[in-house]
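Reminder, nothing fancy here: chain letters follow the sequence lines and each chain counts from 1. Keep in mind the model is a prediction, meaning the values are calculated, not measured.
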Amino acid sequence: MSERFDPARADSHWQQVWDEKQCFRADDASGKPRSFVLEMFPYPSGRIHIGHVRNYTMGDVLARYKRMRGFEVLHPMGWDAFGMPAENAAMEKGVHPGGWTRENIANMKAQLKRLGFALDWSRELATCEPDYYGHEQALFLDLYAAGLVYRKESAVNWDPVDMTVLANEQVIDGRGWRSGALVEKRKLSQWFLKITQFADELLEGLGALDKWPEKVRTMQENWIGKSRGLQFRFSLSNGDDLEVYTTRPDTIFGATFVAVAPDHPVAQGVAMYNCDAAKFIDRCKQGGTTAADIETAEKLGFDTGIGAKHPFTGKHLPVYIANFVLMEYGTGAIMAVPGHDQRDFDFATKYGLPILRVVAASAEEADRPFAGEAEAGDGVCVNSGFIDGMRVAEAKAAVTARGEAEGWGEARTQYRLRDWGVSRQRYWGTPIPFIHCDSCGVVPVPRDHLPVVLPDDVDFSVPGNPLDRHPTWKHVDCPDCGKAARRETDTLDTFVDSSWYFLRFASQPGDRPFDPAAIAKWLPVEQYIGGIEHAILHLLYARFWTRALAHIGLIEVKEPFASLFTQGMVTHETYSRSEGGREVYFSPGEVTRSAEAAVLKADGGPVEIGRVIKMSKSKKNVVDPDEIVATYGADAIRWFMLSDSPPERDLPWSEAGIEGCGRFVQRLWRLFGQFDAAATGEDKALDRKRDQTVAAVADDIEALSFNKAVARIYELATAIEKAPLSASRSAAIRALLLIVAPMMPHIAEEAWQAMASGLVAEAQWPQVDPALLVEDEVTIAVQVKGKLRDTITAAKGLPEEELKALALASEKVQRSIDGAEIRKIIVVPDRLVNIVA
RNA sequence: GCGGACGUGGCGGAAUGGUAGACGCCGGGGACUUAAAAUCCCCUGAGCUUUGCUCGUGCGGGUUCGAGUCCCGCCGUCCGUACCA
């Protein structure tokens, strides 16, 4: 073996060998137990960034480990290839989105290959290709046929300069993020998916996802936002009815006013004849929508002069237009109970409306005044007619029952979740497979006409949707009546593309989206790994899509991801200087970093070292994985990704850290080089250390606690280095190589050649001798009154009395007791003796 | 405001209620070398009257023979979310 490990040569060599032998191709017909390991597929932005490296390294370690444990592993990779950046590139650089995207894919694929991931490239897919999105169109039509797709007029953010619809995130301070133009609200006919029909199922399903982070489940739960309450009608003094929704029907006797949203029909009606009301409504719309704005926003109201008749007392409550009532939730109107809702309390205080107590800790406290704020807690009903004395829960049921019996209200379950609007007025997405005909209406594209393929000859030199102004593409004949008709020019939200790609990985038939039998074999994904930023949208949509397909009988599986892991970000400190009043940032490569300070290479002047934050282009605190691989090799960067920080937390990148990883790779190489098949002699302690490490590393990998596995591997390496030559030592080196292999596959493969035949990629995880996992000697801590005074070595399993005797025999212990009376001795077998004196 | 996570050396972090700081990084000292790189060895929480002792896991209480870990109350940081009736 050569003196130094040369990653530049070894990495590409072994990558080629794995490719040629198709080592990581998943066999559908395999009789082995299966494991589907999946990382969230990347958007082909152009370059792999370090966050991808961390994500895919974790998945790769798990996939390679599972393979060594005898599983048939499916570990695929693909491209979430539709989306706006491609269109932006088209507009800015005059390139075609398709060409730009496919070039990026080629580059990024080469980058991933240089990192040595054990991927089944035969299943690679890109969502922008007709052989993917054509099947998506078919699934969309299936859902349409099942009544899960519909069209509805809906308000959108319209950018009048770019002539396009903007997502909420693209509207900044009321202006389009690209054009800077004031965004208008427009009503457009949009396609929707009925995710709300599955709201309850999606919520209930969370309960079974016990291998998902609590945090993600909570976020989805809040997003779905289920609440139970009473929807009921007030008769208004103008002859109309007003529908309101409340989760606190028990407080109905405490209602002292009624409020409607500024865009509620009642408010709009008043504005027709009352210009003060119209002015008020306009004023409400001016308020900002940022968190800070809402936090500080004052409660504003306008008294319409209309009265609402209370269903029990018959009293007339004033009806206000109020800025804090939302049209989008419930009915857009509320009964206001100032005593038991803080918002209503604030409003009533401001406008001098009565505040009544209808819930109290006990009946005796019925008249207790409020201490400056509403009381939303539990208690018994007071001042509340027929529900007096009932607990809150009981009263809710009683009022609801009365409302239903008398016909003025009904129990209702309300969700925050809205149906999923999937229409996008863009080119680079999956065409929605419908045709608009003046005679027949909206007609699905016949199955045998799929896929509806995007035209290539599109023009981005003018704003707007290129599909809409394409000279020929949208002009087709109606499939039903044959008359001239128009294609739908909207494309699907890219979240649709990522809602089923994991199903397509399991099988890729040409004539249908997937083979249900293959899905039954591979799904659910055993371990899904990705960023927390997808906690709600992607993960909720994918769950919905899977359930919807199960609902219409296409597949059996209902939850796509059995276990979810959300990894932390890779961070780096920033380097900057204040120049002319603004911060100028420098990349790590432009800076020389010493222990305490950093200087700019260009001029030798100092730069300020900023906080350790997520890598971002604007702060220039990025490192390019390719450069790291070129300098240190794939194994070193993979090792760095796994070291130190727990995988769910942020990982601070540092030059010193990657250098240390590079050194460890070489240290391993020297150690592997000391493997001596002819060595003889037994080293029991090293045998024990070896098997303990093998077992512990296995546990750590399965728990995704890579940082702990790394620490144990360092310990074993040190133990081997210190051990004298023996057969045990060679056995330990060999075991070390095998347990390092999932993390650093290239050096493992290279060194394996001197130890055994075949490939590490096809080797088995080392067996352990259970007898070696238990120690025969233990170190006992001896405490006096809970403080450590001595440690003694004893045979494992020594009886309590003997341990006590050993502890009391210690000189240090006796000195510490100092002749005091021993009141009690606590013995924890094999661990500790505590003498209470 | 609400929900969640977290708070341990100079840094990243270990620690089934049982020897706090494993392991790595940084730093210091030494060996080898003409020199450097590489490598190897040792030290590295603070303090003290240094065979050893005291203090020490954000702060204040509590439970326990024993608390980083459990309970109560604070403080702080980060993330998510929001006038959801």
Side-chain angles (χ1 to χ4, degrees), chain A residues 3-4 213-219 221-223 225-227 229-230 244-248 251 259 261 287 289 291 293-295 297 299 322-326 328-337 340-344 346-347 376 414-416 532-533 535-536 568-569 571 573 594-596 612 639-640 643-646 648-661 663-664 666-667 670 705 707-715 717-718 721 779-791 811-812 815-816 823-828 830-837:
Chain A
E3 225 160 83
R4 284 182 68 80
E214 181 75 36
K215 180 186 171 84
V216 175
R217 289 191 298 175
T218 307
M219 284 165 75
E221 198 179 311
N222 292 340
W223 189 261
K226 182 177 185 173
S227 72
L230 172 68
V244 300
Y245 173 74
T246 179
T247 56
R248 293 294 303 273
T251 63
T289 51
D293 287 340
I294 292 167
E295 183 86 32
K299 300 273 181 295
N323 65 341
F324 70 93
V325 180
L326 304 176
E328 302 82 56
Y329 188 78
T331 62
I334 59 163
M335 72 164 192
V337 184
H340 305 283
D341 181 287
Q342 190 58 42
R343 293 158 301 179
D344 300 349
D346 295 343
F347 191 92
Q414 180 79 35
Y415 297 90
R416 206 187 82 108
I532 185 73
E533 67 273 19
I536 297 173
M569 296 177 300
T571 58
E573 58 190 17
S594 63
E596 276 96 42
V612 177
W639 188 248
F640 188 105
S643 303
D644 293 351
S645 288
E648 67 278 10
R649 284 205 222 164
D650 288 352
L651 172 65
W653 178 269
S654 75
E655 275 305 310
I658 186 67
E659 280 170 21
C661 292
R663 278 198 297 272
F664 183 63
Q666 296 303 336
R667 185 176 154 206
R670 289 190 296 275
S705 298
N707 57 320
K708 293 190 216 167
V710 162
R712 292 186 208 283
I713 286 168
Y714 276 118
E715 283 188 60
T718 305
E721 283 168 346
T779 306
I780 307 286
V782 184
Q783 299 178 334
V784 176
K785 286 192 284 186
K787 290 196 173 182
L788 182 73
R789 294 300 169 192
D790 201 2
T791 56
E811 189 197 325
K812 289 174 184 173
R815 200 184 322 139
S816 186
R823 288 185 295 160
K824 197 172 173 186
I825 300 181
I826 287 125
V827 179
V828 183
D830 294 335
R831 272 205 99 91
L832 156 147
V833 178
N834 188 10
I835 297 159
V836 187

First locate atom OG1 of A:T251, then atom NE2 of A:H340, and finally report the distance between them rounded to the nearest 0.5 Å. 7.0 Å
Among the nucleotides B:C84, B:U19, B:A14, whichever has the atom closest to the side chain of A:R416 is B:C84
Over 60° means perpendicular and under 30° means parallel, so classify the ring planes of A:W639 and A:F664, tilted if in between. parallel
Selected nucleotide, minimal atom distance to A:Y329 side chain, candidates B:A22, B:G4, B:C84: B:C84
Using the side-chain heavy atoms of A:R831, tell me which of these nucleotides is nearest: B:A14, B:U19, B:G3. B:U19
May I ask you to say what A:T779 touches in the nucleic acid, namely base, sugar-phosphate or nothing, with a heavy-atom cut-off under 4.0 Å? base
If the condition is ring pair (Phe, Tyr, Trp, His ring centres under 6.0 Å), which residues does A:F347 pass it with, not counting sequence neighbours? A:F257, A:Y320, A:F324, A:Y351
Those stems involving RNA chain B that have three or more consecutive Watson-Crick or G-U pairs, both distances under 3.5 Å, are B:1-7 with B:75-81, B:10-12 with B:23-25, B:27-31 with B:39-43, B:45-48 with B:52-55, B:58-62 with B:70-74
Under 4.0 angstrom, heavy atoms only, what part of the nucleic acid is A:R217 near: base, sugar-phosphate, or nothing? nothing
Counting primed atoms, P, OP1 and OP2 as sugar-phosphate and everything else as base, the B/S/- map of nucleotides 61-69 of chain B against protein heavy atoms under 4.0 Å is ----BS---
Measure from the side-chain heavy atoms of A:D644 and tell me the nearest of B:G24, B:C84, B:U19. B:G24
If you measure only the distance, is there a donor-acceptor pair under 3.5 Å linking the side chains of A:T571 and A:R649? no
Can you tell me how far P in B:A5 sits from the matching atom in B:C72, rounded to whole Å? 14 Å
Nearest to the side chain of A:L326, heavy atoms from C-beta on, is which of B:U19, B:A14, B:A85? B:A85
Of the listed nucleotides (B:C23, B:U54, B:A14), which one gets closest to any side-chain atom of A:R649? B:A14
Collect all protein-nucleotide pairs involving nucleotides 38-46 of chain B in which both atoms are nitrogen or oxygen and the distance is under 3.5 Å.
from: B:U39; atom 1: O3'; to: A:R670; atom 2: NH2; distance (Å): 3.3

Distance, C1' atom - from B:G29 to B:C23, rounded to whole angstrom: 22 Å
Would you mind reading off the distance between A:E655 atom CD and B:C25 atom P, rounded to a whole angstrom? 15 Å
Which pairs, protein N/O on one side and nucleotides 55-58 of chain B N/O on the other, fall under 3.5 Å?
from: B:C55; atom 1: OP2; to: A:K787; atom 2: NZ; distance (Å): 3.0

Between B:A22, B:G52, B:A85, spot the one nearest the side chain of A:T246, thanks. B:A85
RNA chain B: A:Y415 or A:V828, which has the more 5' nearest nucleotide? A:V828
Scan A:S643 against the nucleic acid and name what it touches under 4.0 Å (heavy atoms): base, sugar-phosphate only, or nothing. nothing
For A:E573, which residues count as a side chain to side chain donor-acceptor pair (under 3.5 Å) partner, sequence neighbours excluded? A:Y575, A:R593
Side chain of A:S816, backbone of A:K812: donor and acceptor closer than 3.5 Å? no
Counting any heavy atom closer than 4.0 Å, what does A:V325 reach on the DNA or RNA strands: base, sugar-phosphate only, or nothing? base
Classify A:D346 by what it touches in the nucleic acid, base, sugar-phosphate, or nothing, heavy-atom distance under 4.0 Å. nothing
A:E648 CD to B:G4 P, straight-line distance once rounded to whole Å: 18 Å
